[in-house]
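This one's a predicted model, so the numbers in the text were calculated from it and none came from an experiment.
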Amino acid sequence: MNGTTMSNYLVAALYKFAAFPDFKGWQHPITDVCLKGDVKGTLLLANEGINGTIAGPEAGVRKVLDFLHAIAPLSGFTHKESWASDEPFLRMKVRLKKEIVTLGVEGVDPNKVVGTYVKPQDWNALISDPDTVVVDTRNDYEVAIGTFKGAVDPKTKSFREFPQWAEENKDLLMKPKLAMFCTGGIRCEKSTAYMKEQGYEEVYHLEGGILKYLEEVPEEDSLWEGDCFVFDDRVSVRHGLAEGDYTMCRACRRPVSPDAKLLPEYEEGVSCPLCIDETTADQKERFKERQKQIELAQKRGERHVGITKPPRGKSGGAAESAEAD
């Protein structure tokens with residue numbers, strides 16, 4: 001599929017760990033080239049590199065990618081492409097961060113030590129090996145809609161919780177081989193580096209993440225079950241990176257299945273079965289008013305940009321377009 005057929009927006013997910021000491025000075029130049037190309041999304045810049053997802057007209061996205069490649073510390077990064085039928089992001093954000101993906105442990109540097117990369121075509125053999133324990137490093141709301149057959153779900157609500165989970169569940173990680181995976185690969189860069197530093201020797205991760213696996217491995221040969229959550233308005237993708245059937249609950253920013261939308265707890269823009277008890281009556285009234293404004297904007301042929309942040313303390317599925325912290 002390309003941008004001239006069914007889908008008009010090119011989506012590019014990218015990251016690179018690299019020494020990037022002058023990252024702050026690139027915030028405005030990168031923002032400018034994105035805005036000129038009508039490109040939207042989120043890019044995170046930090047001393048350790050870049051991470052993010054952008055989308056827009058193909059020509060605009062290509063110009064942004066070329067611009068980023070021309071920045072010496074970032075040159076040579078790899079990215080993954082897919083297509084969206086609707087504009088996946090509402091605005092462009094280039095943010096300065098302490099980490100491009102937040103593990104919260106000082107000194108973990110994938111540029112110094114990292115797990116062994118495994119190509120998508122070799123992944124099935126590794127995770128089918130009885131000497132391998134397979135760990136999904138993503139957050140609970142992501143795992144809930146799809147994961148690899150037999151994978152351990154740490155049930156974390158943020159990536160910051162992973163080190164504590166690993167410390168408390170050493171008994172689950174006793175097999176000789178440890179295989180880890182995430183959406184696009186960046187969280188595994190950090191988590192495998194961390195596990196290597198903890199003394200685990202045979203640590204592997206899926207190169208390019210789930211997205212690369214779904215792109216390259218035929219569905220009939222796949223050990224993936226369900227959809228893959230993505231951090232934009234597509235919500236989920238399937239094999240071949242085709243858009244899935246999930247929608248986003250605007251109250252809590254978690255994915256909602258077609259079946260869940262039929263339940264009484266679901267009210268578009270107001271609540272879903274996961275968050276019905278997490279918000280107050282006043283919040284629900286505000287959500288109803290916002291949904292009314294969204295529907296009025298749609299009737300005018302406009303797009304409403306008022307997105308409510310998730311309730312305090314909740315996971316918030318798509319708070320960032322970059323792969324989640």
Side-chain angles (χ1 to χ4, degrees), residues 11 13 41-42 44 51-53 88-90 101-104 134-166 169 180-188 190-191 206 209-211 213-214 224-238 241 243-263 265-279 283-284 287 307-325:
V11 184
T42 298
L44 308 181
N51 172 31
T53 305
F89 301 111
L90 297 172
V101 61
T102 306
L103 184 63
V134 187
V135 177
D136 193 329
T137 65
R138 300 172 304 151
N139 299 329
D140 54 3
Y141 59 88
E142 301 171 77
V143 182
I145 71 170
T147 190
F148 281 106
K149 183 178 180 180
V152 174
D153 175 11
K155 301 186 185 304
T156 53
K157 295 191 179 301
S158 79
F159 191 47
R160 285 177 175 270
E161 297 178 6
F162 181 80
Q164 181 178 349
W165 176 85
N169 291 274
M180 310 172 81
F181 64 92
C182 56
T183 308
I186 186 170
R187 279 177 281 188
C188 289
K190 276 283 184 80
S191 58
L206 176 58
I210 301 162
L211 295 179
Y213 182 93
L214 295 179
W224 176 261
E225 299 176 335
D227 281 20
C228 176
F229 183 90
V230 291
F231 296 89
D232 58 60
D233 281 358
R234 293 172 299 169
V235 185
S236 71
V237 295
R238 299 171 173 172
L241 301 184
E243 294 183 41
D245 293 330
Y246 283 81
T247 56
M248 187 72 70
C249 173
R250 289 187 178 274
C252 68
R253 310 295 289 155
R254 297 187 183 107
V256 182
S257 70
D259 288 341
K261 292 175 68 174
L262 300 177
L263 298 175
E265 294 86 354
Y266 179 79
E267 182 177 352
E268 186 172 2
V270 179
S271 65
C272 73
L274 292 174
C275 72
I276 184 69
D277 296 323
E278 295 178 351
T279 55
Q283 286 176 312
K284 288 182 175 67
F287 295 165
I307 299 298
T308 298
K309 293 182 179 180
R312 184 177 299 275
K314 303 305 175 184
S315 55
E320 293 284 2
S321 64
E323 189 167 337
D325 288 350

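Applying the salt bridge (charged side-chain N to carboxylate O under 4.0 Å, His left out) criterion to Lys155, with sequence neighbours excluded, gives Asp153. Residues forming a side chain to side chain contact (heavy atoms under 4.5 Å, CB included) with Glu265 (at least two apart in sequence, or on another chain): Leu263, Pro273, Ile276. Checked against side chain to side chain contact (heavy atoms under 4.5 Å, CB included), Glu225 has the following partners two or more places apart in sequence or in another chain: Lys149. In terms of the side chain to side chain contact (heavy atoms under 4.5 Å, CB included) criterion, Ala144 has no residue partners (sequence neighbours excluded). The side chain to side chain contact (heavy atoms under 4.5 Å, CB included) check on Leu274 picks up Arg254, Cys272, with sequence neighbours excluded. Partners of Tyr246 according to the ring pair (Phe, Tyr, Trp, His ring centres under 6.0 Å) rule, which considers only residues two or more places apart in sequence or in another chain, do not exist here.
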Please evaluate residues Leu211 and Val230 with respect to the criterion side chain to side chain contact (heavy atoms under 4.5 Å, CB included), reporting the C-alpha separation (whole Å), side-chain torsions for both, the decisive distance (0.1 Å), and the verdict. CA-CA 9 Å; Leu211 295 179; Val230 291; 4.0 Å; yes
If you apply the rule side chain to side chain contact (heavy atoms under 4.5 Å, CB included), what do you find for Phe231 with Thr42, and how did you get there? CA-CA 10 Å; Phe231 296 89; Thr42 298; over 6 Å; no
Would you sort out whether Thr156 and Gln164 count as a side chain to side chain contact (heavy atoms under 4.5 Å, CB included), showing the intermediate values? CA-CA 10 Å; Thr156 53; Gln164 181 178 349; over 6 Å; no
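Put simply, the side chain of Thr137 gets close to the backbone of Phe181: a donor and an acceptor are under 3.5 Å apart. Asn139 places no side-chain N or O within 3.5 Å of a backbone atom of Tyr141 that could act as its donor or acceptor partner.
Residues Tyr266 and Ala260 share a closest heavy-atom pair of CB-O, 3.6 Å. Pairing each heavy atom of Arg234 with each of Val11, the nearest pair is NH2-CG1, 3.6 Å. Here the closest heavy-atom approach between residue Pro154 and residue Val152 is recorded as CD-O, 3.4 Å. Contact detail for Gly244 and Asp227: the closest heavy-atom pair is CA-OD2, 3.6 Å.
For the atom pair OG1 of Thr102 and CZ of Arg160, the computed distance is 5.5 Å after rounding to the nearest 0.5 Å. Distance check, rounded to the nearest 0.5 Å: NZ of Lys190 to CZ of Phe159 gives 7.0 Å. Note that the OG atom of Ser236 and the CD1 atom of Ile145 stand 5.0 Å from one another [nearest 0.5 Å]. Distance check: Ser271 OG to Asp277 CG gives 9.5 Å after rounding to the nearest 0.5 Å. The line from CD1 of Ile210 to CG of Leu241 is 11.5 Å long, rounded to the nearest 0.5 Å.
More than 12 heavy atoms of other shown residues, nucleotides or ligands fall within 6.0 angstrom of atom NZ in Lys284.
Side chains of Glu268 and Thr247 form no contact here, defined as non-hydrogen atoms less than 4.5 Å apart. Using a 4.5 Å heavy-atom threshold, the side chains of Leu103 and Ser191 count as separate.
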